[in-house]
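As the structure is a computational prediction, the values presented were derived from the model and not from experiment.
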Amino acid sequence: MPKEYRTIQEVAGPLMLVRDVEDVKFNELGEIELENGEKRRCRVLEIDGNNALVQLFESSTGINLSNSKVRFLGRQMELGVSIDMLGRVFDGLGRPIDDGPELLPEQRLDINGAPMNPAARSYPQEFIQTGISAIDGLNTLVRGQKLPIFSGSGLPHAQLAAQIARQAKVRGEGEQFAVVFAAIGITFEESNFFIESFRETGAIDRTVLFINLANDPAIERIATPRMALTAAEFLAFEKDMHVLVILTDITNYADALREVSAARKEVPGRRGYPGYMYTDLASIYERAGRQHGKTGSITLIPILSMPEDDKTHPIPDLTGYITEGQIILSRELTRKNILPPIDVLPSLSRLKDKGIGKGKTREDHSNTMNQLFSAYARGKDAKELMVILGEAALTDIDKMYAAFSQEFEKQYISQGYQADRSIEETLDIGWQLLKMLPRSEMKRISEEMLDKYYPKD
């Protein structure tokens with residue numbers, strides 16, 4: 001039986017100081033028993049001699065310094081995992097909230113995971129189809145990749161996240177695919193939207209949901225992404241599944257980190273965020289990947305809303321250093337009702353070249369992708385010139401490019417949140433759009449590909 005302590009010295013916000021403890025370790029899980037028998041969870045943040053500073057996972061309301069007891073459990077925070085997690089909804093600490101039965105765990109895993117040895121990683125190189133042309137065609141997602149979505153306040157990243165979770169699939173026979181979806185610090189309406197969206201389409205049967213609401217304690221937010229990745233590691237590396245993990249919204253996670261840091265009176269870094277935020281985010285993101293000798297894989301899409309749409313804000317800035325590219329949502333496209341509003345020019349998937357081509361998508365993918373990027377960029381430049389100098393200042397070919405960029409946004413990028421396009425459909429739409437330009441302008445596509453795919457009149 002763990003030893004009980006009645007030596008709580010003080011409670012300050014999400015932190016509590018316990019005196020005269022013995023053999024207590026960093027990160028150890030604890031349990032606080034209130035006078036009325038209610039139990040709350042906490043974990044050790046710091047040990048100083050015989051004093052332990054602990055972080056509360058729930059509210060500190062009702063903790064009486066003289067009558068409350070603390071027990072340290074001798075283990076770190078764990079999640080009970082089982083294949084039966086699929087189709088279930090949990091809170092941010094891994095407790096079922098869908099009125100279903102308690103889970104009978106096959107294993108209990110430390111939520112901090114085991115670091116993946118870099119030498120044991122295998123290179124991400126298989127295509128994942130999201131059904132969204134702007135991602136599949138131009139910023140392709142590859143199994144084992146970390147590809148964040150940078151959004152702004154009020155932009156429809158929740159709809160995009162739900163669409164990816166519903167539609168994503170790996171091509172090939174007999175491939176087992178699952179989605180682990182963690183919502184961090186979201187409103188009740190958003191939570192309802194995600195759950196209903198997955199239930200309506202039946203996607204919930206292959207999804208594990210972790211929901212941490214905005215009115216839940218901020219401290220719970222720090223555990224939520226780790227819970228999700230622990231479930232993903234079990235499904236990927238024990239059950240040989242290909243798992244897509246979607247975390248939304250990382251900004252709420254970073255704000256919770258800042259709150260705990262401020263309560264500990266740590267020296268703040270940029271914009272008040274703790275100096276170790278880079279390391280902390282890396283400890284989450286780097287759990288994605290593929291391992292030699294293991295069939296399964298973890299692909300990660302973290303979603304973050306950039307405060308004031310600022311790409312240089314610490315959260316998107318540090319995320320960009322750790323991950324392999326970014327998908328950026330545009331306010332301008334949202335205003336034009338181009339949905340999903342993916343701004344393809346500044347977006348980038350650094351691993352896209354590894355996941356496309358013959359046998360993976362289609363042989364013409366790389367050529368058309370480069371030509372579409374080039375034509376869209378030139379068309380946008382032509383439209384800007386038209387605004388300043390008037391249409392008369394443009395050459396005939398520039399007018400063609402301007403018309404192309406407009407149709408490209410309407411037909412290729414804009415598809416709504418229900419359309420699920422196969423990669424073949426996406427590539428065919430690309431060719432139909434390129435037909436708006438003379439064949440002589442196809443400078444990034446080989447003659448052989450043009451003969452085979454360029455639409456004949």
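Pairs of residues two or more places apart, or lying in two chains, that qualify as side-chain hydrogen bond (donor to acceptor under 3.5 Å, both in side chains) and include a residue from residues 340-356 are Q145-S349.
The main-chain N or O of S305 is found under 3.5 Å from a side-chain atom of D249 such that the two form a donor-acceptor pair. Under a 3.5 Å cut-off, the side chain of K169 and the backbone N or O of Q167 do form a donor-acceptor pair. Between the R444 side chain and the S374 main chain, no donor and acceptor come within less than 3.5 Å of each other. Of the possible polar contacts, one joining the T207 side chain to the A203 backbone as a donor-acceptor pair under 3.5 Å is found. No side-chain donor-acceptor contact under 3.5 Å links D310 to the backbone of P307. In this structure a side-chain-to-backbone donor-acceptor pair under 3.5 Å is missing from Q371 to L434. No donor-acceptor pair closer than 3.5 Å links the side chain of T299 to the backbone N or O of L244. Looking at R226, its side chain does come within 3.5 Å of a backbone N or O of I222 through a donor-acceptor pair. With hydrogens and angles ignored, the 3.5 Å screen pairs a side-chain donor or acceptor of N252 with a backbone N or O of G185. The backbone N or O of L257 lies less than 3.5 Å from no partner atom in the side chain of S261, so there is not a single donor-acceptor pair.
Annotation: side-chain contact (heavy atoms from CB on, under 4.5 Å) contacts of E28 (sequence neighbours excluded): V24, K25, V44, F72. The side-chain hydrogen bond (donor to acceptor under 3.5 Å, both in side chains) check on K452 picks up E363, with sequence neighbours excluded. Residues passing the side-chain contact (heavy atoms from CB on, under 4.5 Å) test with S151 are L155, H157, L329, sequence neighbours excluded. Shown here are the side-chain contact (heavy atoms from CB on, under 4.5 Å) partners of T295, two or more places apart in sequence or in another chain: D240. Checked against side-chain contact (heavy atoms from CB on, under 4.5 Å), A236 has the following partners two or more places apart in sequence or in another chain: V243, I298.
In summary, the side chains of R171 and Q129 do present a donor paired with an acceptor at a separation below 3.5 Å, with no hydrogens or angles considered. No hydrogens or angles considered: a donor-acceptor pair under 3.5 Å links the side chains of H242 and E175. Between the side chains of D317 and T312, no donor N or O sits under 3.5 Å from an acceptor N or O.
M227 CE to F90 CZ: the interatomic distance, rounded to the nearest 0.5 Å, is 10.5 Å. In this structure, CG in L437 is found 7.5 Å from CE in M400, a value given to the nearest 0.5 Å. Interatomic distance, Q107 CD to S82 OG, rounded to the nearest 0.5 Å: 10.0 Å. A distance of 8.0 Å separates OG1 of T224 from CG of D91, quoted to the nearest 0.5 Å. Rounded to the nearest 0.5 angstrom, I445 CD1 and N367 CG are separated by 6.0 Å.
Annotation: cation-pi pair R221/Y253 absent, no NZ/CZ under 6.0 Å from the ring centroid and within 45° of its normal.
With a 4.5 Å cut-off on side-chain heavy atoms, Q415 and Q163 count as touching. Side-chain atoms of L79 and M85, non-hydrogen and from C-beta on, do get closer than 4.5 Å to each other. Within the 4.5 Å cutoff, no side-chain heavy atoms of L147 are placed close to those of Q326.
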Before you tell me yes or no, could you show the steps for T426 and D136 under side-chain hydrogen bond (donor to acceptor under 3.5 Å, both in side chains), namely the whole-Å CA-CA distance, both residues' side-chain angles and the distance that decides it to 0.1 Å? CA-CA 8 Å; T426 291; D136 292 351; 5.2 Å; no
Begin with the C-alpha distance, continue with both residues' side-chain angles, and end with the deciding distance and a verdict on side-chain hydrogen bond (donor to acceptor under 3.5 Å, both in side chains) for R287 and T230. CA-CA 9 Å; R287 289 172 73 173; T230 304; 3.1 Å; yes
Would D255 and Y273 count as a side-chain hydrogen bond (donor to acceptor under 3.5 Å, both in side chains) if you check the C-alpha gap in whole Å, the side-chain angles of each, and the deciding distance to 0.1 Å? CA-CA 8 Å; D255 287 345; Y273 291 97; 2.7 Å; yes
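Salt-bridge annotation for D381 and R378: absent, with no side-chain N of the basic residue lying under 4.0 Å from a carboxylate O of the acidic one. Contact check on K294 versus E238 returns no salt bridge, with no Lys/Arg side-chain nitrogen under 4.0 Å from an Asp/Glu carboxylate oxygen.
With S133 as reference, R421 is the one residue of Q411, E425, R421 to meet the side chain to side chain donor-acceptor pair (under 3.5 Å) rule.
For H292 and Y123, the ring centers sit 6.0 Å or farther from each other. Here Y376 and F404 keep their ring centres 6.0 angstrom or further from each other.
Classification of the F181-F198 ring pair by plane angle, with boundaries at 30° and 60°, yields perpendicular.
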